[in-house]
Amino acid sequence: QVATPAAKPNVVIVATGGTIAGAGATSANSATYQAAKVPVDKLIAGIPELNAVANVRGEQAFQIASESFTNEKLIQLGKRVSALVKDPGVDGVVITHGTDTLEETSFFLNLVVHTDKPIVVVGSMRPGTAMSADGMLNLYNAVVLAGTPSARGKGVLVAMNDDILTGRDAAKRTNIKTNAFASPWGPLGMVVENKAYWFRAPVKRHTMQSEFDIDTLESLPEVQIVYGSGNMAPSMYDAAVKAGAKAIIHAGTGNGSVANYAVDTLKKVRAGGVHVIRSSRIADGFVLRNSEQPDDQYDWVVAHDLNPQKAKILAALALTKTNSAAEIQRMFWEY
Ligand SMILES: NC(=O)C[C@H](N)C(=O)O
């Protein structure tokens with residue numbers, strides 16, 4: 001009796017642009033190129049091996065370098081992904097994305113799309129025209145992962161440089177090398193030769209367990225980041241408030257520390273109804289309540305292990321639900 005081959009999974013690639021869709025003048029241009037040039041159908045046609053692992057079709061959501069993402073684009077992308085995963089004919093979704101803000105988008109989708117189907121965000125550090133371009137294998141691995149049943153229920157995933165990272169933690173650590181992405185808590189696993197190997201699973205709330213739902217979201221409150229350093233200008237916080245921020249992420253030095261000459265300004269910001277959330281500018285930051293500053297007394301929030309750009313995403317979503325600092329802090333512990 002001849003075994004019938006397992007049906008190939010149906011995977012949709014939603015393209016947004018980035019270097020994975022980039023093109024350089026010569027094959028030696030690995031760092032000088034134009035992002036967001038190659039359309040999704042050409043990306044797919046460039047990897048005929050995809051046909052062996054999944055039934056793939058592409059959609060072009062945007063064609064931008066990801067530094068140009070906005071809240072409106074995040075919501076538009078989230079709604080499209082949410083609609084796709086509701087389709088019983090779709091087994092998984094891959095999103096091709098620039099690497100600059102890939103970590104924000106992957107965390108956002110991890111928080112707002114209610115599905116246990118694999119959603120895999122992927123990018124590349126070199127354009128497809130460069131020697132040793134990384135986009136082809138990254139995209140191939142992402143499609144393999146999106147069609148892998150064991151990838152279900154693990155939240156949004158990031159497939160870069162053979163690693164499987166959680167969309168919650170994945171962060172860009174360098175702007176030139178192909179091993180650009182890492183998580184403070186390590187990868188979940190690896191994709192090697194069409195197969196996903198798992199070594200850990202996420203424990204924070206995501207997707208199906210999330211209280212945030214893209215289907216009920218139409219906009220996000222303004223949140224801005226102020227970068228901490230020596231010789232700060234406290235007026236930067238006032239400028240963020242003037243720009244309409246409903247929360248300010250303080251990307252502090254070390255423990256999320258605040259310069260003594262800036263504390264009064266931040267206390268005034270809080271007194272004016274804008275939330276203050278202490279994160280850290282360092283890689284792998286970990287900010288504890290009442291360390292360095294009396295957060296309880298000032299009614300401030302700490303970002304826990306979330307870097308400033310990820311804290312910005314969660315703070316914006318939190319503000320769609322509550323204006324209580326205590327409730328916002330609960331969300332930073334749980335997601
Ligand atoms: N590697 C990349 O994708 C960088 C590019 N600036 C982007 O984020 O779109």
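One-based numbering, in listed order, for ligands and for the atoms of each. Only this structure's heavy atoms are used, side chains among them; waters, hydrogens and symmetry mates stay out.
For ligand 1, the polar-atom distance check finds an N/O of Thr19 within less than 3.5 Å of one of the ligand's N/O atoms. For ligand 1, one of its N or O atoms has an N or O atom of Asp100 under 3.5 Å away. Between His97 and ligand 1, no N or O atom pair is found at a separation short of 3.5 Å.
Salt bridge present: Glu211 and Arg330 bring a charged side-chain N and a carboxylate O closer than 4.0 Å. Ion pair Asp284/Arg173 flagged as a salt bridge, since at least one NZ, NE, NH1 or NH2 atom sits closer than 4.0 Å to an Asp/Glu carboxylate oxygen.
Hydrophobic side-chain contacts under 4.5 Å tie Val226 into a cluster, directly or through other members, with Met232, Met236, Tyr237, Val241, Ile248, Val258, Tyr261, Val263, Leu266, Val269, Val274, Val276, Tyr298, Trp300.
Ligand 1 has no atom lying under 4.0 Å from any heavy atom of Gly17.
Residue Gly98 approaches ligand 1 through these ligand atoms, each under 4.0 Å from one of its heavy atoms: 3 (O), 7 (C), 8 (O), 9 (O). The contact set between ligand 1 and Ala65, taken as ligand atoms under 4.0 Å from a residue heavy atom, comprises 9 (O). Close approach of ligand 1 to Gly18 (heavy-atom distance below 4.0 Å) involves ligand atoms 9 (O).
No chain of hydrophobic side-chain contacts below 4.5 Å, direct or via other Ile, Leu, Val, Met, Phe, Trp or Tyr residues, connects Phe107 to Trp333.
No donor-acceptor contact under 3.5 angstrom links the side chains of Asn290 and Gln297, judged on distance only.
If you check which protein heavy atom lies closest to atom 8 (O) of ligand 1, you get Ser66 OG, 2.6 Å. Protein heavy atom closest to atom 6 (N) of ligand 1, with residue, atom name and distance, is Glu67 OE1, 2.9 Å.
Of the heavy atoms in Ala36, none comes closer than 4.0 Å to ligand 1.
Between the side chain of Arg200 and the main chain of Gly189, no donor-acceptor pair closer than 3.5 Å is present.
Atom NZ of Lys42 sits in a sparse spot, with 12 or fewer heavy atoms from other residues, nucleotides or ligands closer than 6.0 Å.
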